[in-house]
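The first residue in the sequence is number 1, and the count goes up from there. The basis for the numbers below is simple: all heavy atoms, side chains too, and nothing from hydrogens, waters or symmetry mates. Every number for a ligand or one of its atoms is a count from 1 in the order of the listing.
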Amino acid sequence: MAIPLHDYEAVVGAEVLDELRVLAGHLQGRRLQHINSTAAGGGVAEILTRMVPLMQELGVDTAWDVITGDQEFFAVTKAFHNALHGSPEVVTAAMLDHYRDIIDDNLNRITFTGDVVWIHDPQPAGLIKRRSEIGAKWVWRCHIDVSTPTSGVWEFLQPYVEQFDAAVFSMPAFARELRVPQYLVAPSIDPLSDKNKDLAPDEVERVVAQYGIDPGRPILTQVSRFDRLKDPLGVIAAYRIVRRRHDCQLVLAGGGASDDPEGQAVLDEVVAAAAGDPDIHVLLLPVFSDVVINALVRASTIVLQKSIKEGFGLTVTEAMWKRKPVIGGAVGGIKRQVLDGVTGFLVHSPEGAAQRAIQLLRDEELRRQLGENGHLHAKQNFLITRHIKDYLLLTLALDHLDEHLVYV
Ligand code: UDP
């Protein structure tokens, strides 16, 4: 659904939009091409779904392609993902061969039309191998924390990464020493998308009723892919501690992503852990359940994102935008969004999460204050207009990189 650019004026003001139009004007005649590994599910797809049409509306010719692969390929890239996040993983030579084969298939399938090619995350990074034939400038946009990997996955990826013109990370702490220039760009949410737009109270009530949730009792919610690094079992453990002291319900809402093969196994674990408690609502949502997720968050008393490892954790900003206090794991980009005691609380364990949840459940004024602060923090730092500005500036800056400088 197209949202006219001028609708954003009411949120961010006219000056911000004018600035974007000026920057976009400098990119006339240039084509940007984004490539990632899934069209739906997860933060990258969430951002590109909104960013690509807005860039086009600004007059910047922008395309989005998605690499394809078989189950085995996505099992390999999920192992990469987990290893880059520091989890122990076995990555064999045969797995690396399969990765290279699927990258070759994609090199034959995708039409490279961009003057600037933005490659998102490790999955499609190998496409860079044919950059000299394809031409264009290449940017590696890394959304995950690659600072403390296990196994040899980084050693496998680094030679690819160092062929890019630049690398972009979400947080300073995520970066590695590289022989290419590095930039920092935080992710963002679209305040007017179905996921985040204002909803009428009756729409929220309708969704809550549809899923059998009691609107009259407190609701703790975590929205996440069913992924162990999102720690859904830790959330259930926290909820059980809270329930000893305070009435509440728990909503664990999530779907899968086509590039995440572990979802079903994790969902099974979660369903088993929740069995027998009618106040735990495990909701497996189809893709594009944006209004439902929006309504569930708006109906919530507290939102959790108790990840053990995290890239950015867009769900945090999505909740802050809706003025919800957030209890977040003190990891990755969550630390940039949850300012401890200001926009929510950072925690290190199920017990810590439970203690903060009890504190918040007992203190309505604290919930209101943290929610208000969170909304302002999201507005000032994590909206899509700021993100587009950063990408436009970075694209322009690529013209001025000194090829003879070695960036170490
Ligand atoms: N999301 C969704 N449906 C789901 C689970 C998640 O639409 O069932 C969205 C969520 O609202 C957020 C994104 O997917 O916009 C997840 O991004 P995040 O950065 O939190 O985590 P990632 O999945 O990229 O690790």
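- Taking the ring centroids of H377 and F382, they lie under the 6.0 Å cut-off.
- For V44, no nitrogen or oxygen atom sits less than 3.5 Å from a nitrogen or oxygen atom of ligand 1, counting backbone and side chain alike.
- Of the heavy atoms in I293, only side-chain atoms (C-beta onward) come closer than 4.0 Å to ligand 1.
- Minimum heavy-atom separation, P124 to N36: CG-CA, 4.0 Å.
- Atom 21 (O) of ligand 1 has its closest protein heavy atom at K230 NZ, 3.0 Å.
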Please list every donor-acceptor pair under 3.5 Å in which a side-chain atom of residues 353-360 meets a protein atom from a residue at least two apart or in another chain.
from, atom 1, to, atom 2, distance (Å)
R356, NH1, Q359, OE1, 2.7

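- Every N/O-N/O distance between D290 and ligand 1 stays at or above 3.5 Å.
- Remark: ligand 1 and L314 share an N or O pair separated by less than 3.5 Å (distance only, no angle test).
- Partner of S224 under the side chain to side chain donor-acceptor pair (under 3.5 Å) criterion, chosen from K230, Q305, E310: Q305.
- Residue H143 does not touch ligand 1, judged by heavy-atom distances below 4.0 Å.
- One option in S224, G311, G41 has a heavy atom closer to atom 5 (C) of ligand 1 than any other, and that option is S224.
- Take E318 and apply the salt bridge (charged side-chain N to carboxylate O under 4.0 Å, His left out) test, not counting sequence neighbours, and it matches no residue.
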